[in-house]
Every structure is written in C-alpha cells, then in structure tokens.
Student: 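Here it is, the structure in full.
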Amino acid sequence: MEWTRERIGEGSIEYHRQIESSRLRYPRDVIVWLPPSYHQARRKRYPVLYMHDGQNLMDPSTAFLGIDWRVDEAAHDLIRRKKMKEILIVGIYNTPDREQEYTGSLSGRNYASFVIQELKPMIDSTYRTKSDPKNTGVMGSSLGGLISFLFGWWHPDVFGKAGCMSNSFFWNDYHVFQDVKEYPGPKKPIRYYLDVGSREVFLRTGYQKMVRLLQQKGYRKNVDLQYYLVQGASHDEKSWGKRVWRPLTFLFPY
C-alpha cells in the first residue's frame with residue numbers, strides 16, 4: 001500500500017493507494033481529508049464520514065467527466081462558518097465491481113465487511129478519530145446512496161448516520177423496502193438523510209416510499225430524519241456537490 005500526502009488551503013488530503021481486501025476482488029484507493037486544525041490540535045479527536053465513489057469527491061483529475069463534488073471545500077466552509085462539526089472524510093474509490101458492491105447482494109455484504117473490519121480499523125489506528133457510532137457516518141449517491149442506507153440499516157452499531165442522495169432504491173425490484181418493512185425490532189439508532197432531484201423522475205417513487213416507510217417506523221423529520229426534493233437537480237456529480245452541504249449539516253451539526 002502506497003501512502004502520499006498533499007496540503008491544500010482547505011486542509012490536508014492523504015492518499016492510501018491500492019488497499020486490498022480478503023473479501024473483495026479488487027484493491028482500491030482511499031482518499032482522506034483532514035480539516036485544517038488536525039495538525040494543530042494534536043490531542044483532538046474527530047468524527048469520521050465514510051463516502052463511496054471516492055474518486056469523484058475531491059479530485060477533478062479522477063472524477064467522472066472531470067467534475068468533482070468539492071466536498072473538502074464544502075466541509076471547510078461549513079466548519080469555518082460554524083455550521084457543522086470538524087470531521088475527517090474518507091473517500092473509498094469504486095472498482096469494476098461497483099454495481100455488485102453497492103447493493104444488497106452478497107458482494108454488498110462483503111463490501112460492508114471490508115469497510116467495518118478492514119478499512120475502519122486502519123483509519124482508526126492511523127488517525128485521531130472518534131470511533132463510536134454517534135461519530136461515524138456513511139454517505140453516497142445513486143447506488144452509493146443505496147449502500148449507504150444499507151450500511152446504516154445492517155450495522156447501526158457501527159454507523160449512526162447515513163447520507164443517502166439520489167438513491168437507487170429500485171435495485172432488485174425495490175427489495176430494500178421489504179427489509180425495512182418486515183423488520184420487527186425497535187427503531188434503529190441511526191440518523192438518515194434522503195433526497196432526490198426534481199429531474200430524477202425515475203427515482204422519485206422510491207424516495208417518497210422510503211420517506212413514508214421510515215416515518216411509519218418512528219423516524220421524525222428534523223430529529224433523526226431529513227429529506228428534500230431538490231428543485232432543478234439532476235443525476236450527476238455537479239448536482240450532488242452543489243447540495244452536499246445539506247447532509248453534512250444534518251449529520252454533523254455544529
């Protein structure tokens with residue numbers, strides 16, 4: 001595994017190259033953003049947000065069509081204006097198995113196990129993190145939104161926050177709804193953010209149904225559930241980057 005560091009005005013970015021897993025076919029890069037205070041406040045520990053499709057988050061040279069979310073800049077600005085807590089952001093690059101790993105399939109379960117049992121311990125041992133569920137979140141868009149939802153649903157003992165943008169809930173004939181609807185236990189201790197763009201007509205039904213289902217399970221708006229229909233938004237990196245402040249401020253409020 002190769003490790004490199006870059007310093008930028010909005011904090012520091014560190015790369016961990018070609019991380020292998022005993023559970024997955026392909027190695028993958030991981031990009032970590034550290035807020036400006038990280039190398040100054042030497043005793044401080046930070047919450048962590050794990051994000052999928054990491055190549056699209058902070059680096060236009062690796063982002064789809066050269067357009068990244070600029071999530072590092074968004075987080076820095078929100079932290080500076082005291083709109084969210086200081087956090088670390090861990091971006092996990094996707095692989096050719098993305099369409100399997102980002103779903104409720106066995107590959108998706110194995111991907112979750114990789115993050116929980118292999119990647120997270122590495123991050124927690126390398127950086128000064130707060131490792132408990134209340135300080136550990138996960139976020140993604142499209143299939144990345146679906147797997148973020150499932151990470152929280154499967155493992156609320158690890159992930160206490162999930163940001164789910166433009167979710168592909170339609171996977172496997174909307175099987176995720178069956179998982180949620182048939183769950184008989186108490187409400188899971190997780191804070192969910194859901195959204196969909198007004199131009200994402202093909203995702204609107206799933207978004208609306210999941211909001212209703214979570215409300216039936218006891219989740220309350222502005223408490224442990226937030227949801228938005230974002231006017232004018234499409235299914236692309238530019239749209240997600242433009243509104244990434246919404247999940248950041250809900251999941252990690254100042």
Side-chain angles (χ1 to χ4, degrees), residues 1 16 18-32 48-57 89-125 129 131-194 203 206-207 209-210 213-214 217 219 247 251:
M1 181 182 71
H16 301 265
Q18 295 298 288
I19 294 179
E20 296 185 352
S21 170
S22 62
R23 298 167 172 84
L24 304 172
R25 291 201 303 166
Y26 296 99
R28 65 208 65 215
D29 290 353
V30 171
I31 184 171
V32 180
V48 182
L49 175 63
Y50 291 86
M51 296 186 68
H52 311 293
D53 292 314
Q55 74 286 345
N56 293 330
L57 302 177
I89 299 175
V90 178
I92 309 165
Y93 283 37
N94 66 34
T95 73
D97 279 347
R98 179 185 186 273
E99 290 191 10
Q100 292 76 44
E101 292 178 355
Y102 285 14
T103 67
S105 64
L106 177 59
S107 293
R109 293 276 187 175
N110 288 338
Y111 176 57
S113 295
F114 157 69
V115 174
I116 294 168
Q117 298 177 26
E118 296 177 298
L119 179 60
K120 188 175 186 297
M122 187 202 84
I123 295 296
D124 289 337
S125 64
T129 66
S131 60
D132 61 291
K134 289 184 179 180
N135 288 289
T136 305
V138 61
M139 187 158 75
S141 61
S142 194
L143 282 175
L146 171 63
I147 197 63
S148 295
F149 183 92
L150 291 172
F151 269 33
W153 195 254
W154 292 338
H155 303 287
D157 57 324
V158 179
F159 302 99
K161 309 165 186 288
C164 313
M165 306 172 73
S166 300
N167 305 283
S168 298
F169 287 138
F170 57 79
W171 176 81
N172 195 20
D173 197 24
Y174 294 93
H175 189 271
V176 64
F177 295 121
Q178 181 179 339
D179 292 343
V180 176
K181 187 175 182 179
E182 294 181 357
Y183 169 69
K187 185 177 72 170
K188 300 191 179 193
I190 183 166
R191 193 175 177 92
Y192 273 118
Y193 169 93
L194 309 178
L203 300 178
Y207 159 79
K209 186 174 181 178
M210 184 59 78
L213 193 52
L214 290 175
K217 291 292 182 179
Y219 291 87
L251 299 179

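No hydrogens, no waters, no symmetry mates; every other heavy atom, side chains included, goes into these values.
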Student: What distance separates Lys181 NZ from Leu213 CG, expressed to the nearest 0.5 Å?
Tutor: 7.5 Å

Student: Which pairs of donor and acceptor atoms, one on a side chain in residues 182-191, lie under 3.5 Å apart (sequence neighbours left out)?
Tutor:
from   : atom 1 : to     : atom 2 : distance (Å)
Tyr183 : OH     : Pro186 : O      : 2.8
Lys187 : NZ     : Gly218 : O      : 3.3
Lys187 : NZ     : Asp224 : OD2    : 2.6
Lys188 : NZ     : Trp153 : O      : 2.6
Arg191 : NE     : Phe250 : O      : 2.7
Arg191 : NH1    : Val223 : O      : 2.5
Arg191 : NH2    : Phe250 : O      : 3.2

Student: Parallel, tilted or perpendicular: which fits the ring planes of Phe177 and Tyr174, with parallel below 30° and perpendicular above 60°?
Tutor: parallel

Student: Quick one, Arg98 with Asp53, criterion side-chain contact (heavy atoms from CB on, under 4.5 Å). Give me CA distance, side-chain angles, the key distance, then yes/no.
Tutor: CA-CA 9 Å; Arg98 179 185 186 273; Asp53 292 314; 2.8 Å; yes

Student: With sequence neighbours left out, write down each residue that passes ring-ring contact (aromatic ring centres under 6.0 Å, His included) with Tyr193, or none if nothing qualifies.
Tutor: none

Student: What pairs meet the salt bridge (charged side-chain N to carboxylate O under 4.0 Å, His left out) rule with one or both residues in residues 160-179, with sequence neighbours excluded?
Tutor: none

Student: What heavy-atom pair brings Cys164 and Tyr192 nearest, and what distance separates the two atoms?
Tutor: SG-CD2, 4.1 Å

Student: Do the rings of Phe151 and Phe159 sit parallel, tilted or perpendicular, given the 30° and 60° boundaries?
Tutor: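 Judged by the thresholds at 30° and 60°, the geometry between Phe151 and Phe159 is tilted.
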
Student: Please examine the side chains of Lys120 and Thr129, heavy atoms only from C-beta on, and report whether any two atoms are closer than 4.5 Å.
Tutor: no

Student: Measure from the side-chain N and O atoms of Asn167 to the backbone N and O of Phe169, and report whether any donor-acceptor pair falls under 3.5 Å.
Tutor: no

Student: Given the rule in the side-chain contact (heavy atoms from CB on, under 4.5 Å) test, do Ile147 and Trp154 qualify, once you have shown the distances and angles that lead to the verdict?
Tutor: CA-CA 10 Å; Ile147 197 63; Trp154 292 338; 4.1 Å; yes

Student: Looking at CG of Leu24 and CZ of Phe114, how far apart are the two atoms once the value is rounded to the nearest 0.5 Å?
Tutor: 6.5 Å

Student: Which atoms form the tightest heavy-atom contact between Ser148 and Ala162, and what is the distance?
Tutor: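 Shortest heavy-atom contact: O-CB, 3.7 Å.
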
Student: To the nearest 0.5 Å, what is the distance between OH (Tyr102) and OG (Ser107)?
Tutor: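 Reported value, rounded in 0.5 Å steps: 12.5 Å.
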
Student: Are Leu143 and Glu101 close enough, and set up right, to give a side-chain contact (heavy atoms from CB on, under 4.5 Å), and what steps lead you there?
Tutor: CA-CA 9 Å; Leu143 282 175; Glu101 292 178 355; over 6 Å; no

Student: Could you go through the side-chain contact (heavy atoms from CB on, under 4.5 Å) check for Val138 and Phe149 one step at a time?
Tutor: CA-CA 8 Å; Val138 61; Phe149 183 92; over 6 Å; no

Student: Checking Gln100 side chain against Ser105 main chain: does a donor-acceptor pair fall under 3.5 Å?
Tutor: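 No, because the side chain of Gln100 does not come within donor-acceptor range (under 3.5 Å) of the backbone of Ser105.
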
Student: Considering residues, nucleotides and ligands other than Gln117, do more than 12 of their heavy atoms fall under 6.0 Å from its CD?
Tutor: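 For Gln117, atom CD is crowded (more than 12 foreign heavy atoms under 6.0 Å).
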
Student: Working to the nearest 0.5 Å, report the span between CZ of Arg28 and OH of Tyr111.
Tutor: 6.5 Å

Student: Check whether any side-chain heavy atom of Thr103 lies under 4.5 Å from a side-chain heavy atom of Asn172, and answer yes or no.
Tutor: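 When only atoms from C-beta onward are counted, Asn172 and Thr103 do not touch, as no gap falls below 4.5 Å.
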
Student: When you measure from the side chain of Asp29 to the backbone of Gln18, do you find a donor-acceptor pair of N or O atoms at a distance under 3.5 Å?
Tutor: yes

Student: Between atom NE2 of His155 and atom OG1 of Thr136, what is the distance when rounded to the nearest 0.5 Å?
Tutor: 13.5 Å

Student: Tell me the closest heavy-atom pair linking Val90 and Val48, and the distance in Å.
Tutor: CG2-CG1, 3.7 Å

Student: Considering all heavy atoms of both residues, which atom of Ile116 and which atom of Pro121 are nearest to each other, and what is their separation?
Tutor: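 Shortest heavy-atom contact: O-CD, 3.2 Å.
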
Student: Would you give the length of the straight line joining atom CE of Met165 to atom CG of Leu194, rounded to the nearest 0.5 angstrom?
Tutor: 11.0 Å

